[in-house]
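Owing to the predicted nature of the structure, the values given are computational and were not obtained by experimental measurement. Just the heavy atoms: all of them, side chains too, but no hydrogens, waters or symmetry mates, feed the values below.
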Amino acid sequence: MNGKAKRLVCLFVSAVMILGFAFILVVRNRDPLERILSKMTLRDKAAQMMIASFRVWKEVPENEGEERAEEAPSVKITELNDEIRELLGRTHFGGILLFSENFQDAEQTLRLISDFQGTNREGGGLPQMIFVDQEGGNVSRIGYGTIGVSSMTLTATGDPENARKMAAVYGEELGLLGVQADFAPVVDVNNNPCNPVIGIRSFSDDPETAAKFSCAFLSGLHDTGIAAAVKHFPGHGDTNTDSHTGFPTINRSYEELKSFELIPFKAAIDAGADMVMTAHIQYPQIETETCTSLTTGEKVYLPATMSRRILTELLRGELGFEGVIVSDALDMAAIADHFSEEDMLKLTINAGVDLLILPTVKDTKLFHSLDRLVDTVTALVESGEIEEARINEAVLRILRLKQKYGLLNQTDFAVTEEKIAAAKDGIGSAAHRETERQIAEKALTLVKNENDAFPLTVKPGEKTLILFADSCASRAGAGDLAGKLLEERQALPDGAEITVMKNTSDNEAACIEAATQADHVILVHRVYAAACLDPSTGDGFSSGTFDRLIDAVHENGKTVIVVSCQLPYDAARFPEADAVLLTYWGSAMREMPADGSSWSANLPAGLLACFGLISTEGRLPVNIPTLDEQYMPTDQILYARAA
């Protein structure tokens with residue numbers, strides 16, 4: 001070999017060595033999350049984009065035509081059975097969503113979550129993110145924890161710091177159980193009084209107010225190390241249909257949304273929201289693409305969950321959101337009634353959703369569908385109907401979220417006696433319950449008080465009737481609880497009596513008679529839908545009874561207090577009532593709670609306020625419109641939102 005050839009060989013070897021060293025440096029300096037991604041199979045990536053939930057185990061036939069020997073029992077899933085273990089060992093979902101059925105007590109929940117993580121890890125999966133909907137008030141999953149108050153309650157206090165404090169309570173309790181993420185806060189602006197699903201879950205009907213309290217709530221979760229998801233983008237407030245049971249439409253332009261509904265979303269994104277949850281709602285002025293409904297055969301618009309225009313162009317492009325986009329539950333009627341499984345998955349992922357909340361397991365048929373959904377996404381990528389690059393970017397966002405909250409480095413999910421003791425001491429603790437109580441009391445809003453009706457002046461031997469409408473009959477235990485608390489505080493004079501009754505469809509005469517014989521009358525009313533205001537409906541017949549009862553009591557020269565225990569719009573329903581007090585929530589309490597058990601503070605606080613034990617300093621978080629002759633809201637404001 002001559003000298004020239006030798007030099008060429010040396011140059012070639014040197015070049016190979018340089019390239020080799022460069023390759024090693026690139027690999028070493030590569031994003032560790034990309035290294036994790038590169039080792040994942042396509043099926044593992046698809047599963048990483050999915051959140052599974054296991055609520056109830058019920059054996060049902062695989063085939064619709066197969067007869068059942070007998071009705072199988074439903075069993076709440078408080079521990080993993082062999083079938084779930086086997087599934088989790090081979091299919092590594094990115095997250096698990098827990099519901100109230102999964103929460104029995106602190107130790108059980110710790111062991112369930114540990115089992116989820118351990119079974120998944122033994123099968124080679126990455127740590128799962130554990131999710132829960134813990135908004136407070138009517139969406140509180142942990143029955144033995146601090147139930148908290150509704151979002152509207154927080155705004156009624158007038159101080160965003162109370163939103164931060166309440167969210168921090170939820171965050172502390174979730175963290176003690178091994179939960180990393182909360183699907184909260186709801187930042188929807190409740191500008192439709194007939195909204196059947198948002199209501200008191202919203203902070204206000206004013207976007208700036210909703211933004212202020214949403215960001216404070218977000219801060220409380222983040223302060224306690226809990227990831228937060230704001231929902232439901234781009235807004236679920238201006239609907240009169242529940243997407244769980246129907247397919248809502250909001251006919252507003254992007255500019256209209258931008259000047260109203262999107263204000264709290266933008267504020268929360270700028271404040272560091274980790275996730276944004278989508279709305280299963282049609283916005284025909286924004287997303288014009290249609291498809292044929294699976295069940296009706298009619299043309300429907302793609303909902304926000306399936307709209308690339310809304311999620312990728314607007315949420316990511318216009319609003320600059322860089323975190324994880326998560327779908328609302330994909331078994332809700334707005335999706336399940338109109339789209340096939342394949343279209344549901346393809347359209348949702350291609351629109352820009354990173355995490356999909358799969359249909360929740362309530363029976364074995366749904367359980368067996370989970371593997372099929374993962375396999376369908378895998379097949380859609382292999383066929384080119386979903387680009388693998390779209391899958392990769394979604395999984396990387398999920399991995400970043402897990403890394404941010406320390407999950408990827410966590411290897412030990414064992415339950416220790418120390419963890420059990422800390423959870424038992426911290427969850428539903430006296431300090432947390434005290435925070436809840438103080439906030440509930442500060443929110444009490446007296447919108448009307450005539451004839452010195454409020455508070456009551458009870459004399460020795462007098463009788464007070466607390467009558468619950470049929471729509472809140474399951475809350476009647478709050479009346480007994482109020483009586484007990486009044487006795488404990490020695491707030492009743494000698495011989496004074498409290499009688500608690502429930503109005504039913506066939507005891508109107510007895511209720512009116514009891515009211516006319518009483519010295520004082522408190523009526524507890526609950527609106528959860530517009531039909532509750534209409535006496536001709538099955539939901540609202542008690543409102544008609546209350547009308548006639550108020551007239552009868554007035555004929556006897558006495559006064560009536562109405563206490564609202566959910567949506568505040570019934571403040572306009574009883575114009576003849578002497579006083580109207582808003583509490584913004586009252587959870588089911590069929591009987592007086594046992595000592596030490598959790599109960600929501602709003603309604604008991606309102607009843608105690610009627611007897612003068614608590615002052616009423618709350619501020620209206622929404623406008624209360626007058627009602628027309630059909631008991632529907634009008635454009636005229638009866639009670640104005642606090643400035």
Given side chains that start at C-beta, do those of Leu112 and Phe54 come closer than 4.5 Å, heavy atoms only?
-> no

Does Lys231 come within less than 4.0 Å of Asp133, counting only side-chain N to carboxylate O?
-> yes

Quick one: are Val560 and Glu576 in side-chain contact, heavy atoms under 4.5 Å?
-> no

Is there a side-chain contact between Phe541 and Asn503, using heavy atoms and a 4.5 Å cut-off?
-> yes

Assess whether atom CG of Asp425 is packed by more than 12 heavy atoms of other residues, nucleotides or ligands within 6.0 Å.
-> yes

Between Lys484 and Glu487, is the closest basic N to carboxylate O distance under 4.0 Å?
-> no

Side chain proximity check, Asn191 to Glu261, heavy atoms < 4.5 angstrom | yes

Let me see the working for Lys448 and Val562 under side chain to side chain contact (heavy atoms under 4.5 Å, CB included), right down to the final yes or no.
-> CA-CA 10 Å; Lys448 180 181 182 181; Val562 171; over 6 Å; no

Any Phe213 side-chain heavy atom under 4.5 Å of Ser151 side chain | no

Atom of Arg619, atom of Ala642 and distance for their closest heavy-atom approach | CB-CB, 3.6 Å

Sequence neighbours left out, what pairs pass side chain to side chain donor-acceptor pair (under 3.5 Å) with at least one residue falling in residues 527-539?
-> Tyr528-Asp539, Asp534-Ser536

Kindly check if the number of other-residue, nucleotide or ligand heavy atoms within 6.0 Å of CD (Gln636) is above 12?
-> no

Calculate, to the nearest 0.5 Å, the distance between atoms CG and CG belonging to Asn102 and Leu97 respectively.
-> 8.5 Å

Less than 4.0 Å between a side-chain N and a carboxylate O, is that true for Asp270 and Lys266?
-> yes

Six-ring centre of Phe611, Arg489 cation under 6.0 angstrom, axis tolerance 45° = no

With sequence neighbours left out, what residues match Lys424 under salt bridge (Lys or Arg N to Asp or Glu O under 4.0 Å)?
-> Glu107

Is the closest basic N to carboxylate O distance between Arg437 and Glu441 below 4.0 Å?
-> yes

Between Phe574 and Phe546, how do the two ring planes meet: parallel, tilted or perpendicular, split at 30° and 60°?
-> tilted

Find out whether Thr109 and Ile142 are in side-chain contact, i.e. whether some heavy atom of one side chain is under 4.5 Å from a heavy atom of the other.
-> no

If you measure from OG1 on Thr209 to CZ on Phe203, what distance do you get to the nearest 0.5 Å?
-> 11.5 Å

For Cys610, the option from Ile466, Val524, Leu444, Val563 that meets side-chain contact (heavy atoms from CB on, under 4.5 Å) = Val563

Indicate the atoms forming the closest heavy-atom contact of Thr559 with Val553, along with that distance.
-> O-CG1, 3.9 Å

How would you list all residue pairs meeting ring pair (Phe, Tyr, Trp, His ring centres under 6.0 Å) that involve residues 129-158, not counting sequence neighbours?
-> Phe131-Phe183

List the steps and the verdict of side chain to side chain contact (heavy atoms under 4.5 Å, CB included) for Val521 and Lys558.
-> CA-CA 8 Å; Val521 178; Lys558 298 172 185 175; over 6 Å; no

Mind running side chain to side chain contact (heavy atoms under 4.5 Å, CB included) on Ile357 and Leu330 for me, showing each step along the way?
-> CA-CA 6 Å; Ile357 301 179; Leu330 294 174; 5.6 Å; no

Using a distance-only test with no angle check, is there a side-chain donor-acceptor pair under 3.5 angstrom linking Ser564 and Asp570?
-> yes

Distance col, row Leu154:CG vs Ser204:OG, nearest 0.5 angstrom, shows 12.0 Å

Glu488 atom CD: more than 12 heavy-atom contacts under 6.0 Å | yes

Side-chain heavy atoms of Gln566 within contact of Val527, under 4.5 Å | no

NZ of Lys76: more than 12 outside heavy atoms within 6.0 angstrom?
-> no

